[in-house]
Trainee: 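What follows is a single structure, and I will ask about it in a moment.
All heavy atoms count here, side chains included; hydrogens, waters and symmetry mates do not. Just so it is clear, the structure is predicted and the values come from calculations on it, not from any experiment.
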Amino acid sequence: MRVKLPFAGLEVEFADRERALQQVLEWSERGTRFPIVVFGPEGCGKTAWLKQSAELLRERGYHVVYVNPLQREFLAHTDVREVAGRFAEILAKASGRVEVELAYAAFNAARELVRLRRKNVAVLVDDAFQVLGSEKEAAFYVKSLLGLIEYPPESYEKIVAVAATSEGLSRREIGRHLWAEILPMWNMPRKGFEELYKQVPGPKPDFEEVWRLTGGNPRVLAQLYEAKWQPEKVVETLAEKKRLTLFAGSLSPEEREWLRQAVEDPDTLFARERIPLMEKLIELNLIVDSVPRRESWLWIDEPPPEKEPDLGIGRRVAWQSPLHREAVRRALKELA
Ligand SMILES: Nc1ncnc2c1ncn2[C@@H]1O[C@H](COP(=O)(O)OP(=O)(O)O)[C@@H](O)[C@H]1O
Ligand SMILES: [Mg+2]
């Protein structure tokens, strides 16, 4: 069953991601040996995919908990009523640590389900690292998921543990340890994205044009729709939110030149002296670094193209979407 998803004030049906769902199906058959940590551009569809995965795992007889601490959201597909009750209790509290508590509640719920001898348990954690305060804590969170797989309180048949994030810095910290399998996910592939595009109502630009602007990023598509298809507006909002003029203004003339080159070709950032600039762009969630080889087993869903200058995709470094890149271009222009 395809889940319904919020989309710019509308409701759409989950589209495509065939391969990513196939991967979840494979995990459901044998469990995940390590927690799977999925990272990808903001708005590329991680949450949508996790929600569809929760449904798929439920259909396969799994007890499933899905938690998004950042959005204060949870789903519990299980006959153990206390699990949902516990989440609701945390959400009802006014405490400022609700987000952190929710992140740990997901882990505790999964542990509890194993303890109660539910054979197949899935724990899907969305946007947890952002609320955990530090990259170190994010890594420890992943380690505790691994602990559940390796040292369960009761014997179980299968555990599926997945955590998704768009946060590039914690990903690195997690990668330093061998506690997880880290897999990137990219924006939607062209054909699947077209399915989603078709669900957007009203008059709209040609698909070709929308693809060029979004690079297959569904959130950028939603923002374009809300902005009545005026890309300048989406670019301006992005630049405002990320305070890009201030950012560009804080750079040295040399760094600004590097940034200009990165707008033309993100791979130029992959040089020793430019790494600090690259880190800032990762922190601002503008680019993704260390983009792996385009072997399908290294990716969730379909890998992006090898190099696609029009969309800002380099071999090793890529702009999260063409409009993310555009927002930087605009900030540079403003300073000139
Ligand atoms: N495969 C998909 N089918 C339909 N809608 C999608 C799909 N992927 C993402 N969306 C929608 O696009 C928007 C951004 O996706 P989201 O999952 O929130 O991205 P992320 O979690 O990676 O930031 C949301 O409105 C979401 O419902
Ligand atoms: Mg999300």
Side-chain angles (χ1 to χ4, degrees), residues 1-25 38-60 64-77 122 124-127 162-166 184-231 233-235 237-238 241 285 299-304 311 320-324 326:
M1 193 191 85
R2 303 240 152 208
V3 296
K4 298 270 192 289
L5 297 161
F7 185 92
L10 309 167
E11 198 175 63
V12 293
E13 199 165 82
F14 182 82
D16 187 54
R17 294 294 194 189
E18 304 271 322
R19 177 158 188 273
L21 294 176
Q22 186 58 40
Q23 285 168 299
V24 176
L25 209 57
V38 177
F39 68 93
E42 50 184 12
C44 76
K46 298 176 293 296
T47 296
W49 168 68
L50 280 182
K51 287 191 170 162
Q52 183 65 56
S53 300
E55 173 59 22
L56 191 155
L57 288 158
R58 185 188 67 79
E59 288 166 7
R60 296 272 141 175
V64 186
V65 288
Y66 162 93
V67 180
N68 187 323
L70 199 63
Q71 310 282 349
R72 299 187 171 211
E73 207 188 330
F74 74 88
L75 274 170
H77 297 312
L124 311 176
V125 195
D126 201 1
D127 287 330
V162 185
T165 185
S166 54
M185 177 174 186
W186 193 247
N187 296 320
M188 294 177 77
R190 197 181 162 102
K191 202 168 140 285
F193 188 66
E194 193 167 6
E195 274 175 44
L196 178 58
Y197 162 87
K198 283 184 184 147
Q199 290 191 55
V200 182
K204 52 197 168 193
D206 286 349
F207 177 68
E208 206 48 54
E209 171 75 358
V210 173
W211 176 254
R212 197 180 56 77
L213 293 168
T214 60
N217 184 296
R219 181 162 309 135
V220 176
L221 175 66
Q223 287 165 341
L224 273 172
Y225 168 72
E226 280 183 310
K228 304 203 162 46
W229 306 106
Q230 301 173 75
K233 283 204 173 152
V234 179
V235 168
T237 310
L238 257 175
K241 276 203 185 134
N285 246 336
W299 293 81
I300 295 289
D301 208 58
E302 317 264 345
L311 301 180
Q320 293 202 358
S321 84
L323 291 193
H324 282 72
E326 215 40 53

Trainee: So, for S166 and P41, which heavy atoms are closest and what is the spacing to 0.1 Å?
Mentor: CB-C, 4.2 Å
Trainee: Distance from L224 atom CG to N217 atom CG, nearest 0.5 Å?
Mentor: 10.0 Å
Trainee: Can you check whether T165's main-chain N or O pairs, donor with acceptor, with E42's side chain at less than 3.5 Å?
Mentor: no
Trainee: Rounded to the nearest 0.5 Å, how far apart are CG of L56 and CG of L50?
Mentor: 12.0 Å
Trainee: According to side-chain hydrogen bond (donor to acceptor under 3.5 Å, both in side chains), who are the partners of E326, at least two apart in sequence or on a separate chain?
Mentor: R329
Trainee: Donor-acceptor pair, K46 side chain versus G40 backbone, under 3.5 Å?
Mentor: yes
Trainee: Partners of R17 by salt bridge (charged side-chain N to carboxylate O under 4.0 Å, His left out), sequence neighbours excluded?
Mentor: D301
Trainee: Counting C-beta onward and ignoring hydrogens, is there a side-chain heavy-atom pair between L124 and V64 closer than 4.5 Å?
Mentor: yes
Trainee: Please check this pair: side chain of E194 against backbone of F207, looking for a donor-acceptor N/O pair closer than 3.5 Å.
Mentor: no
Trainee: Do the non-hydrogen side-chain atoms of P322 and L311 ever get within less than 4.5 Å of each other?
Mentor: yes
Trainee: State the CD-CZ distance between E226 and F7, to the nearest 0.5 angstrom.
Mentor: 8.5 Å
Trainee: Walk me through whether V162 and Y66 qualify under side chain to side chain contact (heavy atoms under 4.5 Å, CB included).
Mentor: CA-CA 10 Å; V162 185; Y66 162 93; over 6 Å; no
Trainee: Hey, does the side chain of E302 reach the backbone of R19 with a donor-acceptor pair shorter than 3.5 angstrom?
Mentor: no
Trainee: CG of D126 to CD of E73: how many Å apart, nearest 0.5 Å?
Mentor: 8.5 Å
Trainee: Go through it in stages, so that I can follow the logic: the residues are T237 and Q223, the test is side chain to side chain contact (heavy atoms under 4.5 Å, CB included), and I'd like the CA-CA distance, side-chain angles, deciding distance and then a yes or no.
Mentor: CA-CA 10 Å; T237 310; Q223 287 165 341; over 6 Å; no
Trainee: Is there a side-chain contact between T214 and Y197 in this structure, where contact means two heavy atoms from C-beta onward sitting under 4.5 Å apart?
Mentor: no
Trainee: Just by distance, with hydrogens left out, do Q320 and N285 show a side-chain donor and acceptor under 3.5 Å apart?
Mentor: yes
Trainee: Which atom names give the shortest non-hydrogen contact between A20 and I300, and what distance separates them?
Mentor: CB-CG2, 3.8 Å
Trainee: Quick one: does P184's side chain get under 4.5 Å of V38's, heavy atoms only?
Mentor: no
Trainee: On a heavy-atom basis, which atom in P203 and which in W229 lie closest, and how many Å separate them?
Mentor: O-NE1, 3.4 Å
Trainee: Kindly indicate, with the supporting measurements, whether the criterion side chain to side chain contact (heavy atoms under 4.5 Å, CB included) is fulfilled by L5 and Q52.
Mentor: CA-CA 9 Å; L5 297 161; Q52 183 65 56; over 6 Å; no
Trainee: Are any of the side-chain nitrogens in E55 or R58 under 4.0 Å away from the carboxylate oxygens of its partner?
Mentor: yes
Trainee: Among all residues two or more places apart in sequence or in another chain, which pass the salt bridge (charged side-chain N to carboxylate O under 4.0 Å, His left out) test with E18?
Mentor: R2
Trainee: What are the two closest non-hydrogen atoms of G45 and P218, and how far apart are they?
Mentor: N-CG, 4.2 Å
Trainee: Hey, could you give me each pair passing side chain to side chain donor-acceptor pair (under 3.5 Å) that has a residue in residues 201-211? Not counting sequence neighbours.
Mentor: R190-E208, E209-R212
Trainee: Write out all pairs satisfying salt bridge (charged side-chain N to carboxylate O under 4.0 Å, His left out) with one or both partners inside residues 214-225, taking only residues at least two apart or from two chains.
Mentor: none
Trainee: When rounded to the nearest 0.5 angstrom, what is the spacing between OG1 in T47 and CG in D127?
Mentor: 5.0 Å
Trainee: A side-chain contact here means heavy atoms from C-beta on lying under 4.5 Å apart; do W49 and C44 qualify?
Mentor: no
Trainee: Indicate yes or no: at least one non-hydrogen side-chain atom of H77 is less than 4.5 angstrom from one of L57.
Mentor: no
Trainee: Tell me every residue that passes side-chain contact (heavy atoms from CB on, under 4.5 Å) with P201, counting only those two or more places apart in sequence or in another chain.
Mentor: L10, Y225
Trainee: If you take all heavy atoms of S321 and V220, which pair is closest and at what distance?
Mentor: OG-CG2, 3.7 Å
